[in-house]
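Excluded from the calculations below are hydrogen atoms, water molecules and symmetry mates; all remaining heavy atoms, backbone and side chain alike, are included. Throughout, numbering of the chain's residues begins at 1 and tracks the sequence.
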Amino acid sequence: MKTFTIPIRTRNPCNGSQGVTRGAMFARQRERTRQRNIVRSVVRCSGPYVLPVVVTVTRVAPSRGLDPHDGLGAALKGIIDGVADGLGLSDDRDSRVAWRLEQRRGQYAVEVRIESAAAKASMVGAA
């Protein structure tokens, strides 16, 4: 199991407070691309990984949190894409990866935990 914390501030792009102009759209895209590139590099440097894996992505922020049913996934999209890239996948929908999204209070960051699906299954079976 590998766990790493990256000091990235994630925002809900579905929240209209960031603007709806073309410039705002390009700014959101640049930020998501920046997040994706950072996470891809961290995952590649911490690997290699043997698939299948379980990936838990935790958004850490001082706020009350985002709606888990829509805002959380949207805020973590660049992070998820970066993890998928770092694992060498062409798509984050690859069936060899199980995604878990969580959030907690703290200073802005993203925590990523990658663990073997077989090890995770044996821990669940032992409990």
Side-chain angles (χ1 to χ4, degrees):
M1 174 176 63
K2 302 266 184 158
T3 303
F4 44 90
T5 302
I6 305 167
I8 292 177
R9 181 176 182 172
T10 56
R11 299 171 193 241
N12 181 359
C14 300
N15 195 355
S17 65
Q18 298 165 3
V20 294
T21 64
R22 276 185 66 158
M25 178 185 68
F26 288 136
R28 283 192 300 273
Q29 183 59 39
R30 277 192 306 272
E31 178 61 18
R32 192 154 97 184
T33 300
R34 183 185 75 81
Q35 292 175 354
R36 183 178 187 160
N37 291 337
I38 290 169
V39 173
R40 177 182 54 227
S41 297
V42 170
V43 171
R44 282 186 180 164
C45 291
S46 68
Y49 297 94
V50 177
L51 300 175
V53 294
V54 177
V55 178
T56 304
V57 181
T58 304
R59 177 184 182 265
V60 183
S63 66
R64 292 183 311 146
L66 299 174
D67 290 333
H69 61 277
D70 63 0
L72 183 58
L76 294 174
K77 182 62 177 156
I79 308 301
I80 292 167
D81 288 344
V83 172
D85 291 347
L87 292 172
L89 304 174
S90 61
D91 188 353
D92 62 12
R93 292 185 182 183
D94 192 297
S95 63
R96 298 172 293 172
V97 178
W99 298 97
R100 307 284 183 258
L101 304 182
E102 299 177 356
Q103 57 187 334
R104 67 175 177 80
R105 284 187 183 215
Q107 292 300 314
Y108 287 109
V110 173
E111 296 172 352
V112 178
R113 183 174 64 238
I114 303 173
E115 53 194 317
S116 166
K120 181 86 170 171
S122 69
M123 287 177 20
V124 170

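- Put simply, NZ on K2 and SG on C45 are 10.5 Å apart, with the number rounded to the nearest 0.5 Å.
- M1 and I6 are members of different hydrophobic clusters when ILVMFWY side chains are connected at heavy-atom separations under 4.5 Å.
- For residues 37-50, the pairs satisfying salt bridge (charged side-chain N to carboxylate O under 4.0 Å, His left out) are R40-D85, with sequence neighbours left out.
- Applying the salt bridge (charged side-chain N to carboxylate O under 4.0 Å, His left out) rule to pairs touching residues 72-84 yields R36-D81, K77-D81, K77-D92, sequence neighbours excluded.
- The minimum heavy-atom distance linking G65 with R59 is given by the pair CA-NH1, 4.4 Å.
- Considering only residues two or more places apart in sequence or on other chains, E111 meets the side chain to side chain contact (heavy atoms under 4.5 Å, CB included) condition with T5, T58, V60, R104.
- Annotation: side chain of R96 is in contact with side chain of L89 (closest heavy-atom distance under 4.5 Å).
- A distance of 10.5 Å separates CD1 in I79 from CZ in R32, rounded to the nearest 0.5 Å.
- Side-chain contact check for V42 versus V112: every heavy-atom pair is 4.5 Å or farther apart.
- Put simply, the side chain of I8 reaches to within 4.5 Å of the side chain of V39, judged on heavy atoms.
- Using a 4.5 Å heavy-atom cutoff, the side chains of Y108 and P62 are in contact.
- Applying the side-chain contact (heavy atoms from CB on, under 4.5 Å) test between I114 and each of T3, V54, V43, T56 identifies V43 as the sole match.
- Using a 4.5 Å heavy-atom cutoff, the side chains of I80 and V55 are not in contact.
- Rounded to the nearest 0.5 Å, atoms CZ (R30) and CD (Q35) are 13.0 Å apart.
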